[in-house]
Amino acid sequence: MTNPKSAAWYIDALDARAGMAFAANRFPCTESEPIGELETTGVFISAPDFSPVHVASRTLALSATRRSFQTGFYISDEEVPFATIVDVAEFVRRLYLRGGGEDGPDRGGAGVPPLPPAAPNGGNTPPGPRALEQASAPGDPDGIDVSGGSPKDRALVRPTESQLAAQSWFQKVQEQIAALAAAAQKGADESGAIGLATPIADGAGAEARADIFNQALHRAGEALILELRKRWPQAPERSRWVYAADGLIEALERLGRFRFLAQSLGALEIPHDSGRRALGTDSFDLLELLPVPSSTCSQWALGEESSLLDVLSAFFGTPVVDPATLDLVLFASALIVVSSSRKPEPLDTVQIAAVLEWLGKQLPRRLYAQSIEAALRRPGTSVS
Amino acid sequence: MSNESLEQAKLWVSIGVPIATVLLGGLILHRIGKRFETKQWFSQKLIEQRQSIYGNVAKPLNQLYCFFMRYGDWKSLSPAQILVFKRQIASELHPFFPLFTQTMHDAFCAFEETLFETFNGPGQDARLRLDPKKYESVEGWTPEWRRHFSTSSRTTRERVFTAYENLVHAFAQDANIDTTQGAAWKPRFRKLRPPKNQSDPTVAPAATPAGAIPGAVAPAGSSPAAIAPAGSSPGAIAPAGSSPALLASAAASSPAPAASCAPAPAATSPATAGVASAPPTSAPLVQVGDVDWGLRVRELIAVAPLGVAREYVEANAAAVQSAVIGRGPDTTVVDPEAGVCAVVNISSVHVPAFVRRSLSLDPKPYKNGYDLGKFVVGTPAPPRARKTRELVDAALPLLGRSARDHYYCAVELNGSGVRFYGDVSLVLKPSEVHPGTVVLDRNSFDLMRKPLLDRIDSARPNQELERQRVAAQLAGLWGTDLPAMATTKILGASPQQPRRLTTAQISDALLEDEDYLEVLRFGSFGVAHLREARLSASDVAVDARIGDRARIGPAPDFAALLWRHRRRRAERSLRSAGVLVTVATTSGRSRV
């Protein structure tokens with residue numbers, strides 16, 4: 001953090017959820033100078049590109065506080081300074097992403113199927129389709145039908161030496177992201193640049209690495225199926241549940257995981273006449289249909305009706321260290337990056353490289369002081 | 001003289017006399033004709049001027065009438081607004097009484113006397129001759145408003161009705177309108193008399209259609225306001241065919257209003273409105289409604305060089321005013337839907353919640369900064385950070401209402417509003433902006449910026465009072481001043497060229513980048529109050545590009561995809577609530 005008594009970049013007005021802010025290079029507000037020098041020009045930052053543009057008058061910012069913008073950015077009565085305008089822009093971007101996790105059904109999201117109410121005797125066993133009751137629980141390799149898959153696919157459930165090496169690589173990817181998340185959670189004394197190194201390279205063992213990556217997608221798929229099973233619907237919510245199930249099938253098909261998880265999916269007894277074809281190709285539309293485990297949602301204090309899209313958005317704003325969440329993040333990122341028209345095959349190394357490269361660009365690019373990082377993580381930033 | 005000479009003389013006389021008679025007669029007839037023509041021209045001009053002046057006062061007059069009769073939207077008016085209308089009417093009429101008959105002058109004085117108790121002491125406002133108990137259901141009522149009501153005398157609805165009717169008739173006669181022929185308002189006007197057996201005067205006659213109330217709430221064709229000529233929209237300058245100099249000279253030569261006519265207190269007279277450097281006193285010297293925006297337009301025209309340049313300025317001024325009121329270039333028909341509107345920009349992320357609140361009948365579907373004060377990132381701003389806004393709020397002419405209940409809009413013609421405040425521009429229906437709504441000719445926070453700030457600071461230690469004065473000088477009313485305010489903004493800011501302005505140029509100049517006319521709307525609004533929602537063409541282009549890249553790669557940033565996704569949600573949400581969503585393309589045109 002810079003010296004609060006010197007000129008720095010300060011936020012005049014901020015709408016966190018909208019990803020909009022006015023900032024100016026000035027001295028902090030004081031009792032005698034409640035708004036600082038109004039004659040200085042300011043900058044305006046807004047989604048989707050967060051590129052600062054100059055505005056001639058700071059009065060625009062003051063007027064914004066009559067609308068959806070909050071006045072300045074304060075922590076413990078002190079106006080928070082930023083060293084550069086890039087720091088401000090990245091702060092606004094991360095807030096925007098973090099706020100994306102709070103869209104939810106009340107704010108225009110499609111809404112995932114709700115969890116059924118707890119059983120009267122205090123148990124939490126949801127009623128489910130009979131076939132699913134009889135099938136092995138997802139996560140059990142014996143319950144996964146890989147008979148139709150290639151040797152490469154079969155290897156997913158029977159690791160070899162080369163795959164163990166690839167697992168080591170994947171662990172490094174996880175560790176890099178985890179280290180970045182940990183740094184963001186801890187904060188720093190000074191703002192500084194951070195980022196993800198290129199975590200995958202061509203060459204020997206690349207195929208095994210692809211297998212490991214696809215395995216992560218497989219685990220995420222299982223977790224999503226399990227969550228959907230938990231939400232086996234009461235009659236009024238049936239259509240919503242079926243819609244979510246269709247979304248999950250579409251997602252698994254795109255990522256080449258459908259045939260490996262077919263038995264688990266089949267056990268969900270999804271009607272054949274569902275409107276899957278009506279889902280379209282937009283990956284965001286799919287992501288906001290998929291419910292995620294409440295243990296994942298709780299890391300950002302998100303409600304249990306939050307979707308995978310909400311989790312992904314919150315993760316990019318304020319990442320967390322959790323392997324299960326990382327699997328879901330990889331799944332969602334892959335769904336966004338890979339083409340919707342590709343063949344339903346497991347991802348190859350080129351596609352995986354594109355996914356990881358894209359993922360790295362979405363993660364935080366600047367690290368802030370602990371107090372600022374804490375403000376970024378804190379829920380309740382919504383203004384609508 | 002010989003006989004021959006005599007005969008010749010007789011011949012010449014016999015020829016010349018008829019010729020001379022014809023010539024003389026022709027000359028006399030020509031002079032008479034010329035004089036008649038001149039007189040007719042003068043009469044025509046006089047009537048035009050009267051009609052123009054009536055056009056400026058018809059709406060505020062009708063607001064007074066509605067408030068005192070408790071008709072129409074009277075509950076949305078405050079006593080302070082009524083006093084603003086009173087002052088506005090007085091400042092419009094007093095300078096021009098020489099143009100009217102004594103009958104009209106007397107009718108106006110009687111009307112004013114019927115409604116208001118005046119001469120209450122130096123610096124004291126006039127008081128309404130009404131029972132405050134009957135007005136406690138007015139929106140935003142506070143006991144403090146009782147001070148605006150007379151404690152010594154009350155009027156009756158019948159007296160108000162008669163005074164108003166006499167005044168409108170006098171206006172109509174002066175404007176050469178035959179109220180017995182064609183004009184449909186007179187018979188309906190009479191139907192408004194409450195039945196004699198109606199004991200509760202607050203109950204409007206059941207048989208009376210709301211649309212029959214003269215003026216604002218009446219259909220255009222049946223309103224006395226309809227007698228105003230096409231060129232004399234509220235707040236409009238003189239029609240193109242009439243010389244602005246005529247108005248100016250009339251104003252300069254007009255004597256002081258008759259003493260019996262209860263002139264506005266000296267502190268609020270139009271003459272002081274232009275005195276920018278007058279020392280502050282114990283009461284604001286200028287109040288909203290005192291500013292003669294029409295005069296400012298005339299001054300703007302007057303500084304243009306005589307000849308073609310001035311003619312272009314006059315024509316462009318008329319074009320701006322036509323565009324503002326919604327009259328096309330080749331028609332005399334006014335369509336308010338085609339005129340200016342009040343818009344509020346909001347981020348697409350907030351739109352679904354706004355729609356949901358609207359549909360669940362939340363009293364405040366659209367939230368302002370006060371409503372949202374508790375939601376912050378970080379910790380709440382300390383009081384010192386809010387001080388500036390409070391200073392400005394205290395200075396604004398909010399007509400006795402709290403700043404917390406005001407929602408700030410911008411005046412817009414065909415564009416997509418102030419993009420800095422959000423990517424979705426919510427366009428209010430024209431009927432949802434009350435004619436008494438205060439409009440500032442700029443962002444109100446300019447009060448805290450040079451050069452206005454220097455002027456306010458120079459009044460130390462009475463800065464607060466001076467700030468109020470300055471704010472009032474920037475203010476006008478939506479129903480009457482807007483055309484002239486828009487004209488001063490557009491023509492005052494652009495170099496005058498010998499070219500006619502296009503609608504797109506007018507639209508662009510009305511709300512240009514950071515510069516806009518600020519509307520201080522009282523009360524929140526929901527989707528039912530919207531005419532449409534507009535998206536900017538540039539945002540739609542970015543949106544489409546993100547969509548293309550999402551489809552064919554490389555994948556756009558997550559933030560870009562989220563932005564696009566939220567915009568789609570917002571549009572879906574608006575459409576599901578029946579709100580039309582359009583795209584404001586360049587040059588001030590829009591497409592669905």
Side-chain angles (χ1 to χ4, degrees), chain A residues 14-20 29-31 34-35 38-39 44 47-50 55-57 59-60 62-77 80 93 95-97 100 103 106-109 281-284 312-313 316 336-337 339 358 361-362 375 380-384, chain B residues 344-354 356 367-369 372-373 375-382 384-389 392 408 418 420-422 443-446 448-450 453 514 518 542 546 550-566 569-570 572-573:
Chain A
L14 170 69
D15 185 339
R17 293 202 70 233
M20 298 195 292
C29 297
T30 62
E31 206 63 53
I35 49 171
L38 262 183
E39 294 308 314
F44 175 65
D49 58 1
F50 301 96
V55 289
S57 170
T59 56
L60 208 57
L62 297 178
S63 195
T65 64
R66 296 187 188 283
R67 297 167 169 85
S68 60
F69 290 66
Q70 68 176 65
T71 303
F73 173 43
Y74 288 81
I75 291 178
S76 304
D77 268 12
V80 177
R93 189 188 75 93
L95 268 179
Y96 181 68
L97 297 175
D103 280 357
D106 280 352
R107 295 189 173 123
T281 58
D282 192 288
S283 51
F284 268 46
L312 186 65
S313 193
F316 287 146
I336 290 171
V337 174
S339 168
W358 182 85
K361 286 179 183 169
Q362 315 314 314
T381 58
S382 62
V383 290
S384 63
Chain B
V344 173
N345 278 62
I346 181 174
S347 167
S348 48
V349 70
H350 302 313
V351 168
F354 162 71
R356 179 172 45 79
K367 308 284 186 195
N368 65 14
L372 297 167
F375 299 105
V376 291
V377 176
T379 52
R384 68 173 186 274
R386 298 192 297 270
K387 194 172 162 187
T388 305
R389 190 170 78 186
V392 174
Y408 293 79
V418 187
F420 296 103
Y421 301 142
N443 181 343
S444 50
F445 280 97
D446 273 6
M448 307 305 287
R449 201 171 170 232
K450 290 178 181 177
L453 183 64
E514 304 171 31
E518 190 172 71
V542 173
I546 293 169
R551 200 165 50 251
I552 59 176
D557 280 349
F558 184 84
L561 289 164
L562 182 63
W563 179 78
R564 174 173 174 268
H565 191 64
R566 283 171 158 178
R569 276 180 182 169
R572 202 162 50 224
S573 176

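Residue numbers start from 1 in every chain, and the chains themselves are labelled A, B, ... in the order their sequence lines are given, proteins ahead of strands.
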Mind checking the OG1-CZ spacing from A:Thr59 to B:Phe445? Nearest 0.5 Å is all I need. 8.5 Å
Measure B:Ser444 against the heavy atoms of chain A and call it side chain, backbone, both or neither at under 4.5 Å. side chain
Name the member of A:Gly19, A:Ser313, A:Gly72 that forms the most heavy-atom pairs with chain B at distances under 4.5 Å. A:Ser313
Taking only residues two or more places apart in sequence or in another chain, which ones pass side chain to side chain donor-acceptor pair (under 3.5 Å) with B:Asn345? B:Ser425
Rounded to the nearest 0.5 Å, the CZ atom of A:Phe284 sits from the CG atom of B:Leu561 at a distance of 4.5 Å
For B:Arg389 and A:Leu62, what are the C-alpha separation, side-chain angles and deciding distance, and is it a side chain to side chain contact (heavy atoms under 4.5 Å, CB included)? CA-CA 7 Å; B:Arg389 190 170 78 186; A:Leu62 297 178; over 6 Å; no
Quick check with a 6.0 Å cut-off and a 45 degree axis cone: is B:Arg566 positioned over the face of A:Tyr96's six-membered ring? yes
Could you look at B:Pro554 and say if it's the side chain, the backbone, both or neither that has a heavy atom under 4.5 Å from chain A? neither
Would you check if A:Phe73 and B:Val376 make a side-chain contact, meaning some heavy-atom pair closer than 4.5 Å? no
Between B:Ala555 and A:Ile336 the two heavy atoms that sit nearest each other are CB-O, 4.2 Å
Find out whether A:Arg66 and B:Asn368 are in side-chain contact, i.e. whether some heavy atom of one side chain is under 4.5 Å from a heavy atom of the other. no
Heavy-atom distances under 4.5 Å only: say whether B:Val542 touches chain A with side chain, backbone, both or neither. side chain
Please find out if less than 6.0 Å separates the ring center of B:Phe420 from that of A:Phe69. no
Between the CG atom in A:Asp49 and the CG atom in B:Asp557, the distance rounded to the nearest 0.5 Å is 10.0 Å
Let me confirm one number: the CZ-OG distance from A:Arg17 to B:Ser347, rounded to the nearest 0.5 Å. 8.5 Å
Interatomic distance, OG@A:Ser68 vs NE2@B:His350, rounded to 0.5 Å, equals 4.0 Å
List the residues meeting salt bridge (Lys or Arg N to Asp or Glu O under 4.0 Å) with B:Arg564, not counting sequence neighbours, and say none if there are none. A:Asp282, B:Asp543
dist A:Arg67:CZ -> B:Ile346:CD1 (nearest 0.5 Å) comes out at 11.0 Å
Are the side chains of A:Tyr74 and B:Pro382 in contact, using a 4.5 Å heavy-atom criterion? yes
